Amino acid sequence: MPAGRDPFVTEITPRSEDFSRWYTDVVRRAELADYSPVKGSMVIRPYGYAIWELMQASLDARLKATGHVNAYFPLFIPESLLRKEAAHVEGFAPEVAWVTHGGDEELEERLVVRPTSEAIIGTMYSKWIQSWRDLPILINQWANVVRWEKVTRLFLRTTEFLWQEGHTAHETEAEAEAEALRMLGVYKEFAERELAMPVLDGRKTESEKFAGAKVTYSIEALMGDGRALQAGTSHNLGQNFAKVFDITFQARDKSMQHVWQTSWGMTTRLIGGVIMTHGDDSGLILPPRIAPHQTVIVPIPRGNWRETVLPRAREIEQALTAAGVRVVLDDRDVHTPGWKYAEWEMRGVPLRIEIGPRDIAQSQVMLVRRDTRDKSPTPIDGLASRVTALLGQIQQDLLDRALRFRNEHTMRAGSHDEFVQAFQGRPGFVVAPWCGGDACEASIKAELQATIRNLPLEPTPASGDCLRCGQPGQTDAYFAKAY
RNA sequence: CGGGGCGUGGCGCAGCCUGGUAGCGCGCCUGCUUUGGGAGCAGGAGGUCCCGAGUUCGAAUCUCGGCGCCCCGACCA
């Protein structure tokens, strides 16, 4: 490669040139996922799946810590069950996959492949719940779901995807509301701590809420191209499903009551979110906490390096492993060090350790950060604790950087003119007063393709009159173009 | 679902207009020399030209139909 300012990695379309092509290049070149022979469905490759497993493990621990238990419900749902809740069917009917035959025989009743599991779980809850003593029920399931999408993107929107869906039933309305908000908080903390992805938590408008919910809450993240990504949702279902699925219990006062329910989910889409939050022209940048390889060791082959350099590299590998660092030693001799640098950078490994004869002579290694490319010679003595500290620092810096980006790309609009002007560029989030009317929300969407991502959780008076109709504002809203 | 683009060794593409031996770069295999930011030389393997019909002596190329993917718009995690 020629010297100078050429990019280190040349196999990826630059982010600034074509963001969506950059995204696809990163997913494929980093071997996170690949297209499959099934339309709209992708294969999550081992490296991508390893990220998902790390995300799963830490989210699952949080769900357990908040009292939830895992279970598994059927993939197929009888048509009649899905149809019970009117708003729910209406919302999902256009995108369900139908099973009409078993072998050669046509089924008596068609089955849907679950787009979500409220119907089947509600049916079971009505069998399991009799008394207030059975409550609350706090069940989560890790599963695949299918939604027949017309347009698909790797990770962001595929016909089949993996997720976690929590389904709870409570004695009181207040308890259900508290649960929905509590899980929203879990999602926010998870996104920010594990994924270094800052999110706005808030409430969805009527038109954007989950089909069948009373209230939907969401966390919304800002991607590198200024578009928002819904990163998790939590619903207060009220008694909507309890009424149609007949989920009743005898209350403390001996009366029969319907339970109050919640549901909440997070998906493999978040992997797409991580890519678009942190990545750069050289490819992926993974937050250390979800990086399958947190550190790669690249030995520099010189002379009889297998006798001189490699043993030292192995010692370092062992020391780091013992210290709990996920480390990989790249001792392949078919590739040059430079090739390996580029390759592992593209795959987002947060930290690289270079070790060659010159380093060994000085009892040091070269530490190179993926996010800043800062190089620092570091003594081999005490390396593990230095690496651990640096990984923590990188995790923090990624969050700080993403937060700074979001702050720089969040603006206020006090008037319709300011608002329109903002959306002619790539503003990110725009905070503006809204009257609360569907019509204004819809007309802005039609005009500017900008939607209300969510509304602040804490009810605060609007900062002015509705940017659309000029009537008194009811609340400020977060607008953005969304994925 | 509308508008546009593209389907040719694993990947990226040329060839198509004007029908006649399938080609280039990267990757892959073997060997030697190398290795501190995607190494060099030599030799080699690898193809239903997306699928199906049609026109023709002859189709990657022309015609019709289908499928898939990408991008931009309406619905969704």
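Throughout, protein chains are lettered first and strands after them, A, B, ... in sequence-line order, and every chain is numbered starting at 1. Since this is a predicted model, take the numbers as computed values, not measurements.
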Peer 1: When rounded to the nearest Å, what value does the distance between C1' atoms of B/C64 and B/G2 take?
Peer 2: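 The answer is 23 Å between these two C1' atoms.
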
Peer 1: Atom NZ of A/Lys375 and atom P of B/G36: how far apart are they, to the nearest Å?
Peer 2: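 Nearest whole value for this atom pair: 11 Å.
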
Peer 1: Name the nucleic acid region contacted by A/Gly272, choosing base, sugar-phosphate or nothing; use a 4.0 angstrom heavy-atom cut-off, strictly under.
Peer 2: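 Nothing, no heavy atom under 4.0 Å.
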
Peer 1: Which residue lies toward the 5' end of RNA chain B, A/Gly303 or A/Trp163, if each is placed at its nearest nucleotide?
Peer 2: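 Mapping each residue to its closest nucleotide by heavy atoms, the 5'-most match is A/Gly303.
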
Peer 1: Taking only residues two or more places apart in sequence or in another chain, which ones pass side chain to side chain donor-acceptor pair (under 3.5 Å) with A/Tyr187?
Peer 2: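 Testing A/Tyr187 for side chain to side chain donor-acceptor pair (under 3.5 Å), a comparison that skips the adjacent residues, returns A/Gln164.
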
Peer 1: What contact category does A/Leu270 fall into here, base, sugar-phosphate, or nothing, at under 4.0 angstrom with non-hydrogen atoms?
Peer 2: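 Contact class for A/Leu270: none.
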
Peer 1: To the side chain of A/Ile300, which of B/G36, B/G38, B/G37 is closest?
Peer 2: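 Taking heavy atoms from C-beta onward, the closest nucleotide is B/G36.
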
Peer 1: Using atom P of each nucleotide, how far apart are B/U63 and B/C24 to the nearest Å?
Peer 2: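 Rounded to whole Å, the distance is 28 Å.
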
Peer 1: If the threshold is 4.0 Å, N to carboxylate O, is there a salt bridge linking A/Glu354 and A/Arg352?
Peer 2: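 Yes, this pair counts.
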
Peer 1: For atom C1', what is the distance between B/G46 and B/G3, given to the nearest Å?
Peer 2: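 Here B/G46 and B/G3 have their C1' atoms 39 Å from each other.
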
Peer 1: Quick check against the 3.5 Å criterion: does A/Glu208 have a side-chain atom that pairs as donor or acceptor with the backbone of A/Asn454?
Peer 2: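 A pair under 3.5 Å: no.
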
Peer 1: Can you give one letter per nucleotide of nucleotides 70-76 of chain B, going 5' to 3': B for a protein heavy atom under 4.0 Å from the base, S for sugar-phosphate only, - for none?
Peer 2: SS-BBSB

Peer 1: Which whole number of Å gives the distance between the C1' atom of B/C13 and that of B/C49?
Peer 2: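 Nearest-Å result for B/C13 against B/C49 at atom C1': 13 Å.
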
Peer 1: Rounded to the nearest Å, what distance is computed from the CZ atom of residue A/Arg28 to the P atom of nucleotide B/G10?
Peer 2: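 Computing the A/Arg28:CZ to B/G10:P distance gives 13 Å.
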
Peer 1: May I ask you to say whether A/Glu345 pairs ionically with A/Arg373, meaning some side-chain N is under 4.0 Å from a carboxylate O?
Peer 2: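 So A/Glu345 pairs with A/Arg373 through a salt bridge.
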
Peer 1: Using purine N1 to pyrimidine N3 plus N6-O4 or O6-N4 for Watson-Crick, or N1-O2 and O6-N3 for G-U wobble, both under 3.5 Å, which nucleotide pairs with B/C16?
Peer 2: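 Looking at the geometry, B/C16 pairs with no nucleotide.
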
Peer 1: Under 3.5 Å, is there a donor on one side chain and an acceptor on the other for A/Glu160 and A/Ser41?
Peer 2: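 Distance-only check fails for A/Glu160 and A/Ser41.
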
Peer 1: Please report the distance, rounded to the nearest Å, between CG in A/Asp330 and P in B/G38.
Peer 2: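 Going from CG in A/Asp330 over to P in B/G38 covers 16 Å.
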
Peer 1: Is any side-chain nitrogen or oxygen of A/Thr336 closer than 4.0 Å to OP1 or OP2 of B/A39?
Peer 2: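 Checking B/A39 against A/Thr336, a side-chain N or O does come within under 4.0 Å of OP1 or OP2.
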
Peer 1: Could you measure between the two P atoms, the one in B/G52 and the one in B/G43, and give it in whole Å?
Peer 2: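 Taking atom P in both B/G52 and B/G43, they lie 38 Å apart.
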
Peer 1: A side-chain contact here means heavy atoms from C-beta on lying under 4.5 Å apart; do A/Thr205 and A/Trp434 qualify?
Peer 2: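 When only atoms from C-beta onward are counted, A/Trp434 and A/Thr205 do touch, with a gap below 4.5 Å.
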
Peer 1: Distance between the P atoms of B/G15 and B/G23, in whole angstroms?
Peer 2: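 Straight-line distance between the two P atoms is 16 Å.
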
Peer 1: Partners of A/Arg193 by salt bridge (charged side-chain N to carboxylate O under 4.0 Å, His left out), sequence neighbours excluded?
Peer 2: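 Checked A/Arg193 against salt bridge (charged side-chain N to carboxylate O under 4.0 Å, His left out); zero matches.
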
Peer 1: How does each nucleotide of nucleotides 26-31 of chain B score, in 5' to 3' order, for protein heavy atoms under 4.0 Å: base (B), sugar-phosphate only (S), or none (-)?
Peer 2: ------

Peer 1: Round to the nearest Å and state the distance from A/Arg352 atom CZ to B/G37 atom P.
Peer 2: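 Taking atom P of B/G37 as the reference, CZ of A/Arg352 is at 10 Å.
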
Peer 1: Taking any heavy-atom pair under 4.0 Å as a contact, classify A/Glu354: base, sugar-phosphate, or nothing.
Peer 2: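 Base, at least one base heavy atom under 4.0 Å.
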
Peer 1: What nucleic acid atoms does A/Thr158 come within less than 4.0 Å of, heavy atoms only: base, sugar-phosphate, or nothing?
Peer 2: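 If one applies the 4.0 Å heavy-atom cut-off, A/Thr158 turns out to touch a base.
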
Peer 1: side-chain hydrogen bond (donor to acceptor under 3.5 Å, both in side chains) for A/Arg453 and A/Thr451? Distances and angles first, verdict last.
Peer 2: CA-CA 6 Å; A/Arg453 300 322 303 154; A/Thr451 51; 2.7 Å; yes

Peer 1: Please state how far atom CD1 in A/Ile12 lies from atom P in B/G12, giving the value in whole angstrom units.
Peer 2: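 Those two atoms, CD1 and P, are 14 Å apart.
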
Peer 1: Ring of A/Trp22, cation from A/Arg28 - is the NZ or CZ under 6.0 Å from the centre and inside 45° of the axis?
Peer 2: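 A/Arg28 over A/Trp22 ring: no.
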
Peer 1: Within this structure, what is the CH2-to-C1' distance between A/Trp339 and B/G36, rounded to whole angstrom?
Peer 2: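 Value for this atom pair: 17 Å.
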
Peer 1: For A/Thr158 and A/Thr152, which I'm curious about, is there any donor-acceptor pair between the side chains at under 3.5 Å?
Peer 2: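 Not at all, the side chains of A/Thr158 and A/Thr152 share no donor-acceptor pair under 3.5 Å.
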
Peer 1: Does any nucleotide pair with B/G9 by Watson-Crick or G-U wobble geometry, both distances under 3.5 Å, and what is it?
Peer 2: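 B/G9 is unpaired by these criteria.
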
Peer 1: Using heavy atoms to find the nearest nucleotide of RNA chain B for A/Gln230 and A/Asp359 separately, return the residue whose nucleotide is more 5′.
Peer 2: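 Going by which nucleotide is closer to the 5' end, it is A/Asp359.
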
Peer 1: Enumerate the ring-ring contact (aromatic ring centres under 6.0 Å, His included) contacts for residues 137-158 of chain A, please, sequence neighbours excluded, ordered by first and then second residue.
Peer 2: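 Counting only pairs at least two positions apart or across chains, the ring-ring contact (aromatic ring centres under 6.0 Å, His included) contacts touching residues 137-158 of chain A are A/Trp52-A/Trp142.
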
Peer 1: According to the Watson-Crick and G-U wobble definitions, with both distances under 3.5 Å, which nucleotide is paired to B/C49?
Peer 2: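 Base-paired to nothing in any strand shown.
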
Peer 1: Rounded to whole Å, please give me the gap between CG in A/Leu310 and C1' in B/U35.
Peer 2: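 After rounding, the gap between these two atoms is 14 Å.
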
Peer 1: Using the P atom as the reference point in each nucleotide, state the distance between B/A60 and B/U8 in Å, no decimals.
Peer 2: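 B/A60 and B/U8 have their P atoms separated by 15 Å.
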
Peer 1: Taking atom types as modelled and ignoring hydrogens, do the side chains of A/Thr216 and A/His235 form a donor-acceptor contact shorter than 3.5 angstrom?
Peer 2: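 Yes, because at least one side-chain N or O of A/Thr216 sits under 3.5 Å from a partner of the opposite role on A/His235.
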
Peer 1: In whole angstrom, give me the gap between the C1' atoms of B/A45 and B/G31.
Peer 2: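 About 15 Å, rounded to a whole number of Å.
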
Peer 1: Which base, if any, makes a Watson-Crick or G-U wobble pair with B/C32, both distances under 3.5 Å?
Peer 2: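 Partner of B/C32: B/G40.
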
Peer 1: Mind checking who B/G73 pairs with, Watson-Crick or G-U wobble, both distances under 3.5 Å?
Peer 2: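 Paired with B/G73, as far as the under-3.5 Å criterion goes, is B/C1.
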
Peer 1: So A/Thr295 and A/Leu391, do their side chains get closer than 4.5 Å, heavy atoms only?
Peer 2: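 Result yes, sub-4.5 Å side-chain heavy-atom pair found.
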
Peer 1: Extract from the structure each pairing of a protein N or O with an N or O of nucleotides 43-49 of chain B at less than 3.5 Å, listing the distance.
Peer 2:
none

Peer 1: Is there a Watson-Crick or G-U wobble partner for B/U21 with both distances under 3.5 Å, and which nucleotide is it?
Peer 2: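 Pairing partner: none.
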
Peer 1: To the nearest Å, give me how far apart CZ (A/Arg302) and P (B/U33) are.
Peer 2: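 In whole Å, B/U33 P lies 16 Å from A/Arg302 CZ.
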
Peer 1: Is the closest side-chain donor-acceptor distance between A/Glu441 and A/Ser207 under 3.5 Å?
Peer 2: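 Result is yes, a qualifying pair exists.
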
